[in-house]
Every structure is written in structure tokens, then in C-alpha cells.
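Heads up, the thing below is written out as C-alpha cells.
This chain uses plain numbering: 1 for the first residue, then up along the sequence. None of the values given here were measured: they were computed from a predicted structure.
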Amino acid sequence: YDSESFEVTICPPFTLLADFINRFVNTKIKIGSQNSSQFETGAYTGEISVDMLKDIGVNSVLVGHSERRSIYNETDTIIKKKLNLVLLRSLEAILCVGETLDERNNNKTSEVVTKQIIDAITDEQNIHNLSIAYEPLWAIGSGKTPSIEEIIDVHKSIKNTLKNTFGIKNASKVSVLYGGSVNQNNSKEILSLEKVDGVLVGGASLKFSDF
């Protein structure tokens, strides 16, 4: 594919990371991790540190995925620590943000997403290595997606938050992706939206022909 037009990053389970890295060496495909530890070093049995990931050749890390927030109760404080470590090690970070169904029904989507971004990112961070993925929690794996208008509104809000925090020049270097039941039926329309820079694909990526 034309790497000047778009990038592809695959985030397999930890047990397959080394295999994927070896398989796609010297290709345009990047390999990312689905998660990383909030701790830099120490006795944290079962945790995978950012340094471990970097040592085997991982390019990027997902931070704050909706399932990490909702199932593992990762707070904004934990997510900030993880993001700091990923960017400090000069890896690319994909920060996931999104609201619950109750928050959407109470018209708090913009408020919630803005807070998640501001609480995670600091002025000292290298946001040139940062992407933000908007993935509403209620849309993950449900087959449901926000309306086109709602996707545009949230992406516009995210870009405005970045501009207000880092300035127009720096904010323009942050890709804003949409995630949440992206599939072969809706991806073309979503990718055609002006404010959407890419997509974060979940279950639909497991079927090669669909992806």
C-alpha cells in the first residue's frame, strides 16, 4: 500500500507480539501492544513494562482502552502514568477515550472525553508520537455506532481540545481515530469524514477478508 496515504498498526496479544514483529520486519506494517504496565521497574509479577515492549521491537502501545477502563477499573491517574512512560520511551501511543451510555444519554459526552484527554496529557509530553482514538464504551462489540453527526461532533471537540491545550501547529500532528464497531459496512463512510483521521478496528479485524 501507499505509506504516504495511510499507516497500518496491528496490536496482537502479548503472546504473539514477537512472532508478528519477526513476520513483518522490513515491511510498512507497524506492531503495537494492547496494553503496558503503569510501572517503570520493580517486582510486579505478570506485568509487561514499556521497556520490555521496546526491547522486542514494539512500535506503539494502546493506552486506556475502554475495556481496561470498564473491566479493570483503570483510572485517569493510571492511564496518565502509562501514557507518560510510553511517550518517554519514544514509542507511539494511542490514547483511547470515550463515554458510557448513561453519560451520552445525559449529554456529557464532550465533557467526559475532554476530561479524559486533559487528565492524561501533560504539556511536557511529546505529542508528536500521540494519536487519540474515540471509542464510546457502549459501541464496543455491540454492533452499534454513533450517528455520523455525533462522530463528527466528538472528533471536532477533541481537535478543539488539543488546539486549546497545545496550539494549532502541535494539535494538527495528532491523529484522531474512531473506534467502536467499525466494520466492512461502515468503515468507508466513517473514513470519508473530514474530522476522522483513521479507525481503530476491533472484532472486524479478526476476519481477514472483512479487514
Side-chain angles (χ1 to χ4, degrees), residues 1-11 28-30 32 34 59-60 62-67 69 83 92-118 120-121 127-211:
Y1 65 86
D2 181 2
S3 63
E4 296 301 317
S5 300
F6 62 92
E7 295 180 351
V8 174
T9 298
I10 301 174
C11 299
K28 298 173 183 177
I29 304 292
K30 295 182 178 181
Q34 297 178 9
N59 301 113
S60 62
L62 282 177
V63 181
H65 188 278
S66 60
E67 289 161 359
R69 294 178 187 266
L83 187 66
E92 297 177 5
I94 304 171
L95 173 65
C96 301
V97 298
E99 82 284 11
T100 65
L101 186 57
D102 283 343
E103 289 166 341
R104 170 163 286 278
N105 289 336
N106 288 308
N107 298 316
K108 292 185 176 181
T109 297
S110 180
E111 176 185 340
V112 169
V113 170
T114 297
K115 184 178 186 301
Q116 289 173 344
I117 293 172
I118 292 176
I121 305 173
I127 64 168
H128 297 171
N129 283 339
L130 175 68
S131 297
I132 294 178
Y134 167 57
E135 47 160 20
L137 273 69
W138 53 272
I140 306 301
S142 67
K144 300 178 181 178
T145 58
S147 69
I148 293 301
E149 291 74 18
E150 289 170 332
I151 293 174
I152 292 173
D153 286 344
V154 177
H155 278 244
K156 185 183 298 183
S157 176
I158 291 172
K159 288 177 180 284
N160 286 337
T161 298
L162 292 171
K163 288 177 183 178
N164 293 336
T165 306
F166 298 105
I168 295 177
K169 184 177 180 180
N170 287 325
S172 65
K173 298 177 181 178
V174 179
S175 294
V176 181
L177 320 174
Y178 173 76
S181 293
V182 177
N183 55 54
Q184 71 274 23
N185 297 319
N186 60 26
S187 58
K188 184 175 182 179
E189 183 177 22
I190 292 173
L191 283 167
S192 69
L193 301 177
E194 181 183 356
K195 299 297 181 180
V196 176
D197 300 318
V199 288
L200 182 67
V201 186
S205 67
L206 300 178
K207 295 182 180 180
F208 182 77
S209 58
D210 291 349
F211 185 55

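Taking every heavy atom of both residues into account, Val63 and Leu83 meet most closely at CG1-N, 4.0 Å. Taking all atoms of both residues into account, the shortest heavy-atom contact from Ala204 to Val201 is CB-CG1, 3.8 Å. Closest non-hydrogen pair, Gly98 versus Leu137, comes out as O-CD1, 3.5 Å.
Side-chain contact between Asn183 and Asp210: absent, with no pair of heavy atoms (C-beta onward) separated by less than 4.5 Å. Side-chain contact check for Ile121 versus Phe166: some heavy-atom pair is nearer than 4.5 Å. Pro136 is listed as a side-chain neighbour of Tyr178, based on a closest heavy-atom distance under 4.5 Å. Taking the side chain as every heavy atom from C-beta outward, Arg69 and Gln116 approach each other to under 4.5 Å. Put simply, the side chain of Leu200 reaches to within 4.5 Å of the side chain of Cys96, judged on heavy atoms. In this structure, the side chains of Ile117 and Ile132 come closer than 4.5 Å at one or more pairs of heavy atoms. Side-chain contact check for Glu135 versus His65: some heavy-atom pair is nearer than 4.5 Å. Here the side chains of Lys173 and Leu130 are not in contact, with every heavy-atom distance at 4.5 Å or above.
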| field | Stepwise side chain to side chain contact (heavy atoms under 4.5 Å, CB included) test for Arg104 and Glu150 | value | CA-CA 10 Å; Arg104 170 163 286 278; Glu150 289 170 332; 3.1 Å; yes
Practice prompt. Applying side chain to side chain contact (heavy atoms under 4.5 Å, CB included), run through Val176 and Lys195 and close with a yes or a no.
Written response: CA-CA 8 Å; Val176 181; Lys195 299 297 181 180; over 6 Å; no
Working for side chain to side chain contact (heavy atoms under 4.5 Å, CB included), residues Asp197 and Lys159
CA-CA 11 Å; Asp197 300 318; Lys159 288 177 180 284; 2.9 Å; yes
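Remark: Thr165 OG1 to Ile127 CD1 distance equals 8.5 Å, nearest 0.5 Å. Atom CG of Leu162 sits about 12.0 Å away from atom CD1 of Ile168, to the nearest 0.5 Å. Separation of atoms CD (Glu99) and NZ (Lys115) is listed at 15.0 Å; rounding is to 0.5 Å. Distance check, rounded to the nearest 0.5 Å: CD of Glu67 to CD of Gln34 gives 9.0 Å. The CG atom of Leu191 sits 9.0 Å away from the CG atom of Asn186 when rounded to the nearest 0.5 Å. Residue Phe211 holds its CZ atom at 9.5 Å from OG of Ser187, rounded to the nearest 0.5 Å.
In this structure, Thr161 contributes its side chain and Ser157 its backbone to a donor-acceptor pair below 3.5 Å. Remark: the backbone N or O of Glu111 is not paired with any side-chain donor or acceptor of Thr114 at under 3.5 angstrom.
In this structure, a donor-acceptor pair under 3.5 Å is absent between the side chains of Thr9 and Ser60.
Among Val97, Thr109, Val196, the one residue that satisfies the side-chain contact (heavy atoms from CB on, under 4.5 Å) test with Val154 is Thr109.
Heavy atoms of other residues, nucleotides or ligands lying less than 6.0 angstrom from CG of Leu206 number more than 12.
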